[in-house]
2 protein chains.
Amino acid sequence: MKRGTSRDIRTANRYEVLRQIIAASPTSRQELAAATGLSLATVATLVGELLDLRMITEVGFEDSAGGRPRGLVAVNASGGALIGVDIAETYVHVELFDLALNVLARAEEDVRPGESLPEQLVGHVAAAVGSVVMQAGIEGARVLGVGVSVPGQVNRDTGIAEYAPNWDWHDVPLLDLLTEHIAYPLYLDNPLRAVAVAELWFGAARGRGDAVVVTLGTGVGAGLVLGGGLHRGVSNSAGEWGHNTIVLDGRLCHCGNHGCVETYVGAPGIMLNLRELSPGSPLLHPEDQTATIAALAQGMREQDPVALKVVRDTARYLGAGIADLVNLFNPEVVVLSSWVAAALGEPLVAEVREAVSRHALPRPMAATEIVLSLIPSDPACLGAATFALEGALQSVGQRNAKRTTPARSRTAPPS
Amino acid sequence: MKRGTSRDIRTANRYEVLRQIIAASPTSRQELAAATGLSLATVATLVGELLDLRMITEVGFEDSAGGRPRGLVAVNASGGALIGVDIAETYVHVELFDLALNVLARAEEDVRPGESLPEQLVGHVAAAVGSVVMQAGIEGARVLGVGVSVPGQVNRDTGIAEYAPNWDWHDVPLLDLLTEHIAYPLYLDNPLRAVAVAELWFGAARGRGDAVVVTLGTGVGAGLVLGGGLHRGVSNSAGEWGHNTIVLDGRLCHCGNHGCVETYVGAPGIMLNLRELSPGSPLLHPEDQTATIAALAQGMREQDPVALKVVRDTARYLGAGIADLVNLFNPEVVVLSSWVAAALGEPLVAEVREAVSRHALPRPMAATEIVLSLIPSDPACLGAATFALEGALQSVGQRNAKRTTPARSRTAPPS
DNA sequence: AGGGGTTAGGAAAGGGGCTTTATAAAGTCC
DNA sequence: GGACTTTATAAAGCCCCTTTCCTAACCCCT
């Protein structure tokens, strides 16, 4: 059982301060102290650290009410670059961010069906990473790290992709393979947790103690933010909500079970909801999830009854599932994220809210907001980049160069 | 968002050391240091603190391999008493413990149907608490506190029972009512969390970072132990698993929803499972949950096919539900606790293990044990008493008498 | 232009925690 | 009886946060 040390407090505070600066750049030390609840002195030293690291810079002054003006600090956007890699079933998406987490460059590689060898995927990743670095015209030294999100179960310490259902991977030493092509520090995890971290740092979960980040994409997950940090579980596979049973003896899932959440509210599940309701619907683009979800979104805007019904049905399943999460965790906020949520947008969320409040207990429900993610682009990329950012900040706390007594010369002393 | 301070580390360590001493009394400082991962010096100071508090005593020495013998410490059983109160729908159960958490006295009061006024319940509690103190022949001063477990949603800070479905309570100021009759420090929470804390301190979850404690009684819950501590959620209602939907549009629950876990695996749910399978079964004692569950347990021992089938059906529901918890939390251990689990015992657990591994993802499942609670008596009482113990330990860390500059005399100084 | 008054920010001191190192205490073994 | 071991306590050091004090910087008013 890991014990907390006082250094962890420092790390958490460092994260907190940087988060706040990124969120509200430029800002003053005063504001930071108020927002984080830390003392002015502590904020000042943390700000000093970040200044030394060149992650932030002083950008001028702000009038105070009659006294010495407040010094303002802001993220030093050009102080470094972070790369986020989102490996999915059909594509590899890479984005390069500056330290303000603006996207400086993007690259996307299609993964053709059948391309399932780790080496093939790694090739795509390496190509795309090379591309974004070139596009952005960044010198390599300024890349602080590369975060990689890969579906399935990942051991982030050993860097092994223990199991990826899409490609039937078992214990692939992905980190080692990537290291051969990519010279930057690498951080590996899965999309569920990447998205949760993105929401925790930059999205709707920021500043919340307990939050659940529901990712709605091809797969489905529930990232758990507990006590201000990501809950990983004992083998880094917490949050695998997609294969929870929502309908006993329901639809067959590729995992082998029946009635998994994913089969009703994942993109393929939504397509099935549509097909069952209206088999010949023009909204349905077989073999193309993205197009079908987009068509549904468009249909909703046009008040198409079929689209509305499908979304309502989906929201009903989702609502029942999320109600379970609300009862269990009693979170401050449930964030709906990932591309399906982004596409279906606020109308979906409204239906979900409705459905959740039918199923959840009133008291926990009253304490919980259900909101749409605020993150505009691919949250898995952003989250992966955030892993790299966390990694860069972590190493600051590293014990700086262990002091050793100077080695005595092997030759006879001159005495 | 609450921030961790270095004092919290101290409190956690204090808990950890005392837990270990209670678990392995007598023990040496060396052993404690090894078990907790703390340095010898820290253990020594914490042990010193506990000795000063008279919660533990030195009980002799143990030979070391050729050096100074290890001093042994053990819980000072007579150093204080803790009282646990378990208020349930049909009874009030009170136990008085010594500091080794042995039961010194018990009292039980029946709550007749219709007795639903807070004052009536409080009367029962006061009577039973008085009784155990008398039985044990303890002087009042040595009672360190009284923990009270009451079903429903509880605000432990304000001491208000926000909602108790059994008696249709809404925002009853229970703590205030109890304070009028009971002079000891009071701690209020609900059975779900009481049982979880009992397992965390003294049961199968001890020393585990992440655990789920499933309580199977009339009601059903899932206490969440995350990062070595109880997860309470934002409004202290985390763990309300009993009203999660397990069968969409399933059995009607008293909460108004359909298909709640509780309606299938709570004691009344199990009775219904039995009735549906074999309406006229002699195992069924209508109106008496305890007798029916006992009859089922007996039936299983006699290989009664109906009993076996009912337990298997129940385990199937339970397995599906627990599989969801395993996927979500990725805990080290799932503990089945409370009286229904105790009654049905290992055969139930074996069936549950089987059912869970059919539903849960293989990787998280492989990392999770599913075990029966080791706690012999009423875990809610024990857990409630543990709240009192935690409370007593907490106040140690209290800033001891804020130093004030000595008040200057108002009269003119003698200078 | 030159003092108050006000606010920001840094430096120092203080309090709490944990660990490492040194010292004292209590045995065993030869 | 001395040397070696092992335990326990004391001392010193490091980390972290906060409080307090003081200087810096700016406003405004005279």
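Labels below follow one simple rule: chain letters A, B, ... track the order of the sequence lines, proteins then strands, and each chain is numbered from 1.
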Subject >> Rounded distance in Å - CD (E16(B)) to C1' (dG17(C)) >> reply: 17 Å

Original post:
In whole Å, what is the span from the CD atom of E62(A) to the P atom of dC26(D)?
Top reply: 14 Å

Original post:
Between dA8(D) atom C1' and E58(B) atom CD, what is the distance in whole Å?
Top reply: 10 Å

Original post:
Taking atom C1' of dG16(C) as reference, at what distance in whole Å does atom CG of D8(A) sit?
Top reply: 17 Å

Subject >> Listed partners of N76(B) passing side chain to side chain contact (heavy atoms under 4.5 Å, CB included), at least two apart >> reply: R54(B), T57(B), S78(B)

Original post:
What is the distance from CZ of R14(B) to C1' of dG16(C), rounded to the nearest Å?
Top reply: 12 Å

**OP:** Rounded to the nearest angstrom, tell me the gap between atom CD1 in I9(A) and atom C1' in dG16(C).
**Re:** 10 Å

Original post:
Can you list the residues that meet the side chain to side chain donor-acceptor pair (under 3.5 Å) rule with S235(B), with sequence neighbours excluded?
Top reply: N330(A)

**OP:** Look at R10(A) and dC15(D) and indicate whether a side-chain polar atom (N or O) is within less than 4.0 Å of OP1 or OP2.
**Re:** no

Original post:
Which pairs with one or both residues in residues 20-36 of chain B pass salt bridge (Lys or Arg N to Asp or Glu O under 4.0 Å), sequence neighbours excluded?
Top reply: R29(B)-E58(B)

**OP:** Apply salt bridge (Lys or Arg N to Asp or Glu O under 4.0 Å) to R142(B) and list each qualifying residue two or more places apart in sequence or on a separate chain.
**Re:** E139(B)

Subject >> Partners passing salt bridge (Lys or Arg N to Asp or Glu O under 4.0 Å) against D189(B) (at least two apart in sequence or in another chain) >> reply: R156(B), R193(B), R232(B)

Original post:
Who pairs with T179(B) by side chain to side chain donor-acceptor pair (under 3.5 Å), at least two apart in sequence or on another chain?
Top reply: none

Subject >> OP1 or OP2 of dC17(D) under 4.0 Å from side-chain N/O of N13(A) >> reply: yes

Subject >> Polar side chain donor-acceptor pair, Y15(A) to Q394(A), under 3.5 angstrom >> reply: yes

Taking only nitrogen or oxygen atoms into account, show me every contact under 3.5 Å that the protein makes with nucleotides 2-9 of chain C, one pair per line with its distance.
{"from": "dG5(C)", "atom 1": "N2", "to": "G66(A)", "atom 2": "O", "distance (Å)": "3.2"}
{"from": "dT7(C)", "atom 1": "O2", "to": "R68(A)", "atom 2": "N", "distance (Å)": "3.0"}
{"from": "dA8(C)", "atom 1": "OP1", "to": "R70(A)", "atom 2": "NH1", "distance (Å)": "2.5"}
{"from": "dA8(C)", "atom 1": "O4'", "to": "R68(A)", "atom 2": "O", "distance (Å)": "3.4"}
{"from": "dA8(C)", "atom 1": "N3", "to": "R68(A)", "atom 2": "NH1", "distance (Å)": "3.4"}
{"from": "dG9(C)", "atom 1": "OP1", "to": "R29(A)", "atom 2": "NH1", "distance (Å)": "3.4"}
{"from": "dG9(C)", "atom 1": "OP1", "to": "G71(A)", "atom 2": "N", "distance (Å)": "2.6"}
{"from": "dG9(C)", "atom 1": "OP2", "to": "Q30(A)", "atom 2": "NE2", "distance (Å)": "2.6"}

Subject >> Pairwise side-chain contact, V333(B) with D210(B), heavy-atom cut-off 4.5 Å (strictly under) >> reply: no

Original post:
Pick the nucleotide of DNA chain D nearest each of T42(A) and D63(A); which residue has the one closer to the 5' end?
Top reply: T42(A)

N/O donor to acceptor pairs below 3.5 angstrom from side-chain atoms of residues 195-206 of chain B, sequence neighbours left out:
{"from": "E199(B)", "atom 1": "OE1", "to": "A204(B)", "atom 2": "N", "distance (Å)": "3.0"}
{"from": "E199(B)", "atom 1": "OE2", "to": "S337(B)", "atom 2": "OG", "distance (Å)": "3.2"}
{"from": "E199(B)", "atom 1": "OE2", "to": "S373(B)", "atom 2": "OG", "distance (Å)": "2.5"}
{"from": "W201(B)", "atom 1": "NE1", "to": "E390(B)", "atom 2": "OE2", "distance (Å)": "3.0"}

Original post:
Distance check: side-chain N/O of S39(A) vs OP1/OP2 of dT18(D), anything under 4.0 Å?
Top reply: yes

Original post:
Between the axis at one end of the helix from dA1(C)-dT30(D) to dC30(C)-dG1(D) and the axis at the other (five pairs apiece), what's the angle to 10 degrees?
Top reply: 30°

